[in-house]
A.B. asks: 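Take a look at the following structure, please.
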Number of protein chains: 2
Amino acid sequence: MSPRPAVRPGGRSARVQESVHWAVRELQAEGAALTVPLVAARAGVTPSTVYRRWGDLQELLSDVAVERLRPDAPPADHGDLRADLEHWAVVFLEEMASPPGRSYLRDALAGDPDGSNAGVCSGFARDQVELILTRAAERGEHVPDVETVMDHLVAPMIYRVLFRPGPLDAGFARDLVATVFYRLMPLP
Amino acid sequence: MSPRPAVRPGGRSARVQESVHWAVRELQAEGAALTVPLVAARAGVTPSTVYRRWGDLQELLSDVAVERLRPDAPPADHGDLRADLEHWAVVFLEEMASPPGRSYLRDALAGDPDGSNAGVCSGFARDQVELILTRAAERGEHVPDVETVMDHLVAPMIYRVLFRPGPLDAGFARDLVATVFYRLMPLP
DNA sequence: CACTTAACGCAAAGATTCTGCTTTTGATTC
DNA sequence: GAATCAAAAGCAGAATCTTTGCGTTAAGTG
């Protein structure tokens, strides 16, 4: 529910949405202090268009952040659940803990009064995890529950990214995967 | 690092800080649409004072939110680790998942560019958990690591509060405590 | 092709944010 | 306990951003 009434998916509306998002990304890359009039000017659009469509800068940034957090490829397939989960977790943590990752995450939450964008982001991770688990199950591997992975692998990583200023290394991700594997796997 | 240069802890500065925080709470309770001029007027202060001290409305709201998230009492002591953790977790989840709790949490994160307020919030939970664990250890009980509790009890609860719009019940908190107890306790 | 209406542009009015300058006052020193 | 220094507050005008009404454009529909 992000371009507020998600109607008129084609034509001019779509072009406006695209050029506004693109303007935000461009200005963010330049390290500019973002404002609605600035974004609108860069996008070749009037400020009132942005206000009417997104409400305010935060909601626009939240929408852009969600798009940036959307995975661009399915998780790599190593033919082994443990390897798949570890690789995915390490890359995911690295991306989320990077300075841009942290700020996309914060933007996504900040301009999202009803939590719908947050839900979408969580859905991205869940879909990726689900795919890894499904592939493993199809190979006949013994797999944990998606919720278990969300609660004990994804949640701890995201919690630290959001609430702990310090650095996070791949070892943390691997330790969590090991915990899921050796202590939280459902009993056969 | 919230009243930006945290100097001049007493006198007028302290009074201004207090009346501004109080004004925010009062206006939030009234369900008003907050703006800096509105808050300033209610606090009997000039808007420029607020801008100079807090930078913008979000940072002010972040500071207020942190104060609201600060625990007002140590966790109850039931003389038993499992009972202590369960009661604490149930209450904590209930508070964080409530509509005001969710919005304080979001405010705290949103107006916190460097993550310091988030770190303080995380510290609140950590301190509470640490107290529960220390008391249990002093009783001679076998206790898990603080980090284990943060990663596998606090993190999943907060993750769901932030990223899942739906309701959360005490059962979830209890299940997490059970998992920490029966599957994540360090081997003796 | 005509029709309906959501979405955009424009411009003026309204509200917020910023800034330079002055005044107040908390902390420190003699 | 008075004098001093500097941080923080007040004030007011300027700059910027936000809102709103109204006319226009163009997407979707029959």
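Not measured: the values here are computed from a predicted model. Atoms considered below: every heavy atom in the structure, side chains included; atoms not considered: hydrogens, waters and symmetry mates. Reminder, nothing fancy here: chain letters follow the sequence lines and each chain counts from 1.
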A.B. asks: Expressed in angstrom and rounded to an integer, what is the separation of A:Leu57 atom CG from D:dT16 atom C1'?
C.D. replies: 14 Å
A.B. asks: So which atom in A:Pro75 and which in A:Leu131 form the shortest heavy-atom distance, rounded to 0.1 Å?
C.D. replies: CD-CD2, 3.9 Å
A.B. asks: With respect to the side chain of B:Arg12, which nucleotide from C:dG9, D:dA9, C:dT16 is positioned closest?
C.D. replies: D:dA9
A.B. asks: Looking only at the side chains, is there a donor atom on one of A:Arg68 and A:Gln28 sitting less than 3.5 Å from an acceptor on the other?
C.D. replies: yes
A.B. asks: Write down the protein N/O and nucleotide N/O pairs, taken from nucleotides 19-23 of chain D, whose separation is under 3.5 Å; answer none if there are no such pairs.
C.D. replies:
from, atom 1, to, atom 2, distance (Å)
D:dG21, O6, A:Arg52, NH2, 2.3

A.B. asks: Atom CD of residue position B:Glu26 - does it have more than 12 heavy atoms of other residues, nucleotides or ligands inside 6.0 Å?
C.D. replies: yes
A.B. asks: Nearest to the side chain of B:Thr46, which nucleotide is it out of C:dC8, C:dG26, D:dG10?
C.D. replies: D:dG10
A.B. asks: From the set C:dC8, D:dG10, C:dG26, return the single nucleotide nearest to any side-chain atom of A:Thr49.
C.D. replies: C:dC8
A.B. asks: Tell me: CZ of B:Arg15 to P of D:dG10, nearest whole Å?
C.D. replies: 11 Å
A.B. asks: Does C:dA7 have OP1 or OP2 sitting under 4.0 Å from an N or O in the side chain of A:Arg53?
C.D. replies: no
A.B. asks: Is the ring pair A:His78/A:His87 parallel, tilted or perpendicular, if the boundaries are 30 and 60 degrees?
C.D. replies: parallel
A.B. asks: Does B:Thr35 have a side-chain nitrogen or oxygen under 4.0 Å from the phosphate oxygens OP1 or OP2 of C:dT16?
C.D. replies: yes
A.B. asks: Between B:Asp112 and B:Ser62, do the side chains contain an N or O donor and an N or O acceptor separated by less than 3.5 Å?
C.D. replies: no
A.B. asks: If you look only at pairs with a residue in residues 88-99 of chain A, which of them pass as a side chain to side chain donor-acceptor pair (under 3.5 Å), with sequence neighbours excluded?
C.D. replies: none
